[in-house]
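A short write-up of the structure that comes next.
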Amino acid sequence: MNELVHLDVTTLDGGSLATITLDSPHNRNALSRQLVSELFGHLRAAAVDPAVKVLLVRSADRVFCSGADLSEATSEGMEEGARRIVELQRLIATIPKPVVTEVSGAVRAGGIGIVAASDVALVAEDATFALTEVKLGLAAAIISLTVHHRMTPRAASLTTLGGEVFSGTEAAAYGLVTRAVPAAELDATVAAVCASLATGAGQGLRESKAILNRDLVAAIDAHGADMAALSARLFASEEAREAMTAFLERRKK
């Protein structure tokens, strides 16, 4: 099978940058079994590479991630998929190096969990976000572990219950992302932030990140299994299966 996630290591002053690129355009970087497995592998490889100081997760195209792979979810269920996405968020939060995400276009549902789990999220002002689960009879259960940790409570209620699209500028105001900049400035901003992070000492970065994410990791450990079970149950419900099937049929037209 063609690789859906790529790893490239480049040199910065103070250390190396591991760029992990999602490249599954046929399903808009949906969180398929293959993509999640490859993302795990590259994250872990970069985590143990002594030369790497900073990890950057981005997409090859404008769509960062469209969320769960609904084709797999409708045919095979989400028991394993939900657990893996919980584990993915925990991995990002516990890698002993800064993880940066770059979003230039659209990110939906489960993909927002990757953004929220990262230490620094840099986005274009016109990037678009949506917690669309509610529209399909689902809930933002597994990604609530990270998304609600970042967002203000009022913003979380509005976006989770409404399921509507909001911009990168709004995502920054809501606390979901670190900074939103004009699209033309995104590449330079990401490069500057990654270069700055790479100047940190390895031990300082490791211990500082552990302190920053202590409460987040504790919440994932305390509630991750329950949220994964809830997500799997909702995906298997008749209401959600009908909604997902209708959505996939509309996409094919």
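Quick note: residue numbers are just sequence positions, from 1. No experiment lies behind these values; they were computed from the predicted model shown. When reading the values below, keep in mind they use all heavy atoms of this one structure, side chains included, and skip hydrogens, waters and symmetry mates.
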So, do Leu31 and Glu72 sit near enough that their side-chain heavy atoms are less than 4.5 Å apart? no

Step by step, work out the side-chain contact (heavy atoms from CB on, under 4.5 Å) result for Val107 and Val123. CA-CA 11 Å; Val107 57; Val123 309; over 6 Å; no

Hydrophobic cluster mates of Val100, side-chain heavy atoms under 4.5 angstrom, ILVMFWY only, any path? Leu12, Leu17, Val54, Leu56, Val120, Leu122, Val181, Leu186, Val190, Val193, Leu197

Return the CD to OG distance between Glu102 and Ser118, rounded to the nearest 0.5 Å. 11.5 Å

Nearest 0.5 Å please: distance from the CZ atom of Arg83 over to the CE atom of Met78. 10.5 Å

Minimum heavy-atom distance Ser32-Asn27, with the two atoms named: CB-ND2, 4.2 Å

Is it true that Val99 and Val217 fall in one hydrophobic cluster, defined by side-chain heavy atoms closer than 4.5 Å? no

Is it the case that the side chain of Ser231 and the backbone of Met227 share a donor-acceptor pair, with hydrogens and angles ignored and the cut-off at 3.5 Å? no

Over all atoms of both residues, closest heavy-atom pair of Ser24 and Leu35: CB-CD1, 3.8 Å

If we only count heavy atoms from C-beta on, is the Ile114 to Leu39 side-chain gap below 4.5 Å? yes

Taking Asp23's backbone N and O only, do any of them form a donor-acceptor pair with His6's side chain (distance below 3.5 Å, no angle check)? no

Quick one: does any side-chain atom of Thr178 pair with a main-chain N or O of Ala121 as donor and acceptor, under 3.5 Å? yes

Before accepting this row, confirm whether a basic side-chain N of the pair Arg90/Glu87 lies closer than 4.0 Å to the acidic partner's carboxylate O. no

Counting only N and O atoms by type, is there a donor-acceptor contact under 3.5 Å from the side chain of Thr199 to the main-chain atoms of Asp13? no

Do the non-hydrogen side-chain atoms of Leu7 and Ile20 ever get within less than 4.5 Å of each other? yes

Work out which heavy atom in Thr146 is nearest to a heavy atom in Gly113; give both atom names and the distance. OG1-O, 3.5 Å

Minimum side-chain heavy-atom gap Phe247-Met244 below 4.5 Å: no

Determine the minimum heavy-atom distance between Arg84 and Ser37, stating which atoms define it. NH2-CA, 3.9 Å

Closer than 3.5 angstrom, by distance alone: can the side chain of Lys209 be matched with the main-chain N or O of Lys97 as a donor-acceptor pair? yes

Spell out, as yes or no, whether a donor-acceptor pair under 3.5 Å connects the side chain of Arg62 to the backbone of Ser104. yes

Given Phe235 and Leu70, is the side-chain contact (heavy atoms from CB on, under 4.5 Å) satisfied, shown in steps? CA-CA 9 Å; Phe235 268 96; Leu70 298 185; 4.1 Å; yes

Closest approach of Val134 and Leu161, non-hydrogen atoms and distance? CG1-O, 3.7 Å

When you compare the side chain of Glu133 with that of Leu234, does any pair of heavy atoms fall below 4.5 Å? no

In Å, rounded to the nearest 0.5 Å, how long is the span from CD1 of Ile95 to CG of Leu43? 4.5 Å

Is there a path of hydrophobic side-chain contacts, each under 4.5 Å between heavy atoms of I/L/V/M/F/W/Y residues, joining Leu205 to Val52? no

Hey, is the main chain of Val63 close enough, under 3.5 Å, to the side chain of Asn29 for a donor-acceptor pair? yes

Are the side chain of Lys135 and the backbone N or O of Gly163 linked by a donor-acceptor pair below 3.5 Å? no

Please round to the nearest 0.5 Å and tell me the distance separating atom CD1 of Ile112 and atom OG1 of Thr101. 11.0 Å

Could you check whether any side-chain heavy atom of Phe166 comes within less than 4.5 Å of a side-chain heavy atom of Leu176, counting everything from C-beta outward? yes

Strictly below 4.0 Å, N to O, side chains only: are Arg241 and Glu238 in salt-bridge contact? no

Measure the CG-CG distance between Asn213 and Asp215 for me, rounded to the nearest 0.5 Å. 9.5 Å

Cluster question for you: counting only ILVMFWY and a side-chain heavy-atom cut-off of under 4.5 Å, with indirect links fine, are Val5 and Val9 together? yes

Any side-chain to backbone donor/acceptor pair from Thr245 onto Glu242? Under 3.5 Å, distance only. no

I want to check something: taking the side chain as every heavy atom from C-beta on, are Arg108 and Val165 in contact at a cut-off of under 4.5 Å? yes

Is there a side-chain contact between Val177 and Val115, using heavy atoms and a 4.5 Å cut-off? yes

Note: Asp61-Arg28 ion pair, threshold 4.0 Å (strictly below): no

Would you give the length of the straight line joining atom CG of Asp187 to atom CZ of Arg58, rounded to the nearest 0.5 angstrom? 7.5 Å

Ala109 versus Ile143, closest heavy-atom pair with distance: O-CD1, 3.2 Å

Hey, does the side chain of Gln89 reach the backbone of Ile142 with a donor-acceptor pair shorter than 3.5 angstrom? yes

